[in-house]
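What you see below is based on every heavy atom in this structure, not just the backbone, and it leaves out hydrogens, waters and symmetry mates. In what follows, every chain begins at residue 1, and chains take the letters A, B, ... in the order their sequences are listed.
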There are 2 protein chains.
Amino acid sequence: MSQTASIKDVATHAQVAVGTVSNVLNYPDRVSQRTKERVLKSIAELGFVRNDAARQLRAGQSRTIGLIVLDVGNPFFSSVARAAEDAATTLGSVVLVGDSGQDASREAHYMDLFQEQRVQGLLISPVGDVGQRIDTLRERGVPTVLVDELADTERCSSVSVDDEEGGYLAAKHLLDIGRRRLAFVGTPSIRQVASRLKGAQRAVGEVSDASIEVLDSEGQTVLTGRKVGNSLVERSPEERPEAVFCSNDLLALGVMQSLTMLRTVRIPEDIALIGYDDIDFAISAVVPLSSIRQPTEALGRTAIELLAEEQESGGTKHRSVVFTPELVVRQSTAGADS
Amino acid sequence: MSQTASIKDVATHAQVAVGTVSNVLNYPDRVSQRTKERVLKSIAELGFVRNDAARQLRAGQSRTIGLIVLDVGNPFFSSVARAAEDAATTLGSVVLVGDSGQDASREAHYMDLFQEQRVQGLLISPVGDVGQRIDTLRERGVPTVLVDELADTERCSSVSVDDEEGGYLAAKHLLDIGRRRLAFVGTPSIRQVASRLKGAQRAVGEVSDASIEVLDSEGQTVLTGRKVGNSLVERSPEERPEAVFCSNDLLALGVMQSLTMLRTVRIPEDIALIGYDDIDFAISAVVPLSSIRQPTEALGRTAIELLAEEQESGGTKHRSVVFTPELVVRQSTAGADS
DNA sequence: CGTAACAAATGAAACGATTCAAAGACGAGT
DNA sequence: ACTCGTCTTTGAATCGTTTCATTTGTTACG
């Protein structure tokens with residue numbers, strides 16, 4: 001019995017027709033008690049396990065939902081993913097997670113893969129311009145929900161957080177504690193980051209003598225943050241910004257590592273620092289990190305809900321849910337005047 | 001064209017036989033240049049995408065590898081997962097990640113699921129006693145590699161890190177900096193944790209006046225760590241341990257949050273603190289956290305390699321690779337005498 | 001002109017489940 | 001005894017690929 005038994009083997013062993021075995025599995029009420037017992041016994045004896053590929057093939061659809069995120073190592077995304085998985089489980093579906101690593105070709109790779117798998121639907125936090133591909137997917141009956149990015153409602157549903165508002169909140173806060181020369185650290189080529197920057201710039205625009213400098217981090221990890229931090233340390237004190245707003249907490253923690261490593265720059269006295277996402281680790285940073293909190297569980301859960309709505313409507317009705325982020329003040333931006 | 005085109009549709013459109021289309025896809029050399037072009041053109045025009053379910057069904061096996069981890073939110077596991085994914089990609093396979101959340105029933109759920117998917121193999125960081133099930137899987141031709149847990153080599157392969165040694169290193173270090181009353185925080189019901197504790201106890205046993213107290217954290221997250229930390233803060237100073245060894249960095253960071261929140265306990269002066277895993281965030285903690293580093297990339301990569309070996313040998317040859325952990329000293333255990 | 005050798009294309013069978021129209025079993029009612 | 005209705009069971013058809021034994025087409029050579 002080194003090979004897996006098929007439904008046919010079970011049927012033979014239990015001396016019934018294959019249809020009956022299938023019924024035991026899918027519509028137990030249709031089968032008489034006696035036969036059911038006999039079939040179940042055979043299933044146990046042969047160690048029969050359904051072949052999902054055959055099931056899917058016949059059904060024409062899988063019970064699988066694809067999720068493509070920018071970086072699973074980022075607690076923001078792993079939290080969203082987890083919430084999505086939980087929500088999917090209650091619907092009897094499974095979530096496959098793909099990590100694009102902010103690389104458009106890896107993103108495309110996973111989209112191809114998920115298409116081959118005939119996923120029920122796709123949740124994606126896009127890197128490149130995926131509008132075209134999403135249209136194609138919709139035509140083929142694969143609904144898509146954008147995650148962490150506002151969608152054109154004509155096209156598909158989305159769950160997102162108001163990034164511009166978040167950026168505004170962060171910069172406003174830095175200005176409120178008296179800082180004027182701000183720096184923004186991030187990769188503005190990513191749309192969320194660009195929006196956060198835009199919001200920050202709006203806040204800066206409201207204060208006459210304030211300015212904001214953009215430092216492209218070329219990445220969104222602790223490591224790339226550290227590089228930016230090093231470049232800040234190398235500057236002469238007059239040239240350093242008074243406050244730094246990082247487009248996510250990983251970057252902020254990296255910057256913080258650099259700044260605190262060399263003892264010359266103090267946080268928040270010399271440079272106030274704020275991140276984005278409010279990951280669990282923000283609070284336990286060297287200097288507890290101020291941040292912009294995003295409702296990750298709600299994002300993941302809602303994404304699945306919207307996908308279900310899409311499926312029910314046959315991909316015709318789209319809805320966009322936008323959450324509002326929240327400022328969390330900690331020591332890294334404790335008022336210089338306080 | 002709202003429905004997905006099948007290989008048959010392509011064949012009709014290109015005016016060839018289905019077998020030819022299949023050959024274009026799988027054995028391009030067998031097909032003449034002219035037909036190939038015609039078929040490829042049809043594929044593009046119809047937007048044909050292979051149906052993986054049908055492929056698998058025919059092949060009898062998927063190109064999928066299952067990975068079950070204890071907690072994807074834990075950077076240790078997400079790092080291992082990432083390394084495994086990368087290694088699998090070079091072999092043309094995909095990794096499905098399941099999160100057992102240290103729950104045996106969720107673990108069983110994912111094992112069932114992966115079996116239905118007919119995965120090529122299974123990588124698992126087990127919660128419960130899975131020996132039995134692994135035997136069954138092997139009989140059915142699904143090789144298994146234990147991850148982060150030493151396996152009985154008669155049974156299956158494994159990649160792990162010497163947890164007892166790691167525990168010994170951690171406790172030895174605490175003793176070396178002069179601490180005598182130690183506490184261990186973790187959930188000893190998990191085998192890795194139990195081994196780390198055992199190693200720590202061995203180190204303590206080598207010093208006559210040293211002792212170690214075990215605090216069951218009932219979980220391995222930042223949150224549960226914070227609870228334990230609170231209970232420590234409530235103790236009178238004489239009753240508090242002089243050093244705390246947490247079975248992972250998440251717990252340690254949680255403990256650190258509690259201890260530093262209330263300003264009454266200083267790290268490392270009053271309580272020295274060491275974690276385990278050396279996640280990226282350890283270095284950027286309030287007090288940079290000492291830890292035991294595990295080679296996560298090597299774990300993930302080797303797991304895939306061993307799986308490949310198992311497949312080649314038909315599941316007969318097993319091998320266990322054990323890595324050695326490394327002590328990383330940071331400020332949270334900076335010598336009190338220094 | 002015949003045929004051997006090789007290349008290219010064909011299409012039926014198989015994978016393992018689900019579905020569904022049809023057949024079978026059984027009892028109740030007349 | 002016959003019919004009707006209900007409950008169970010049957011087994012062929014189907015999903016979309018891949019495989020492989022055959023057939024068809026082409027070229028080279030005697």
Does [X] put a side-chain nitrogen or oxygen below 4.0 Å from OP1 or OP2 of [N]?
{"X": "B/Arg34", "N": "C/dA8", "result": "no"}
{"X": "A/Arg58", "N": "C/dC15", "result": "no"}
{"X": "A/Thr35", "N": "D/dT8", "result": "no"}
{"X": "A/Tyr27", "N": "D/dT8", "result": "no"}
{"X": "A/Ser6", "N": "C/dC15", "result": "no"}
{"X": "B/Thr20", "N": "C/dT10", "result": "yes"}
{"X": "A/Arg30", "N": "D/dC7", "result": "no"}

Looking at A/Thr302 and A/Phe323, what are the two nearest heavy atoms and their distance?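 Shortest heavy-atom separation between A/Thr302 and A/Phe323 comes out as OG1-CZ, 3.5 Å.
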
What is the minimum heavy-atom distance between A/Ser320 and A/Ala151, and which atoms define it? OG-O, 3.7 Å

Expressed as a whole number of angstroms, how long is the span from [X]:[atom1] to [N]:[atom2]?
{"X": "B/Gln15", "N": "C/dA9", "atom1": "CD", "atom2": "C1'", "value": "14 Å"}
{"X": "A/Lys8", "N": "D/dA12", "atom1": "NZ", "atom2": "P", "value": "10 Å"}
{"X": "B/Lys36", "N": "C/dA7", "atom1": "NZ", "atom2": "P", "value": "15 Å"}
{"X": "A/Glu116", "N": "D/dC15", "atom1": "CD", "atom2": "P", "value": "20 Å"}
{"X": "B/Gln33", "N": "C/dA7", "atom1": "CD", "atom2": "P", "value": "16 Å"}
{"X": "B/Ile7", "N": "D/dC15", "atom1": "CD1", "atom2": "C1'", "value": "13 Å"}

[X], nearest nucleotide to its side chain (from [options]):
{"X": "A/Val31", "options": "D/dT18, D/dT9, D/dG11", "value": "D/dT9"}
{"X": "A/Val16", "options": "D/dT18, D/dT17, D/dT10", "value": "D/dT10"}
{"X": "A/Leu57", "options": "D/dT18, D/dG16, C/dT19", "value": "D/dG16"}
{"X": "A/Arg55", "options": "D/dT8, D/dC15, C/dT18", "value": "C/dT18"}
{"X": "B/Asn51", "options": "D/dG16, C/dT18, D/dT10", "value": "D/dG16"}
{"X": "A/Asn23", "options": "C/dT18, D/dT18, D/dT10", "value": "D/dT10"}
{"X": "B/Ala17", "options": "D/dT17, C/dT10, D/dG16", "value": "C/dT10"}

Given A/Glu310, A/Arg319, A/Lys317, A/Glu305, the one that forms side-chain hydrogen bond (donor to acceptor under 3.5 Å, both in side chains) with A/Ser157: A/Glu310

Give [X] one of three labels, base, sugar-phosphate or nothing, depending on what nucleic acid heavy atoms sit under 4.0 Å from its own.
{"X": "B/Ser32", "value": "sugar-phosphate"}
{"X": "B/Gly60", "value": "nothing"}
{"X": "B/Val49", "value": "sugar-phosphate"}
{"X": "B/Asp52", "value": "nothing"}

So does B/Ser6 get a backbone contact from the side chain of B/Asp9, meaning a donor-acceptor N/O pair under 3.5 Å? yes

Side-chain (A/Glu107) to main-chain (A/Val127) donor-acceptor, under 3.5 angstrom: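 Checking the backbone N and O of A/Val127 against the side chain of A/Glu107, a donor-acceptor pair under 3.5 Å is found.
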
Is it true that A/Arg155 and A/Asp135 have a side-chain N and a carboxylate O under 4.0 angstrom from each other? yes

A/Asp99 with A/Arg106: basic N within carboxylate O range, under 4.0 Å: no

Heavy-atom check, side chain of B/His318 versus side chain of B/Leu306, under 4.5 Å: no

Pick the closest DNA chain C nucleotide for B/Arg118 and for B/Asp29 by heavy atoms, then say which residue is nearer the 5' end.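 The answer here is B/Asp29.
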
Do we see a donor-acceptor contact under 3.5 Å between the side chains of A/Arg140 and A/Gln115? yes

How bent is the helix from C/dC1-D/dG30 to C/dT30-D/dA1, comparing axes over its five end pairs at each side, to the nearest 10°? 70°

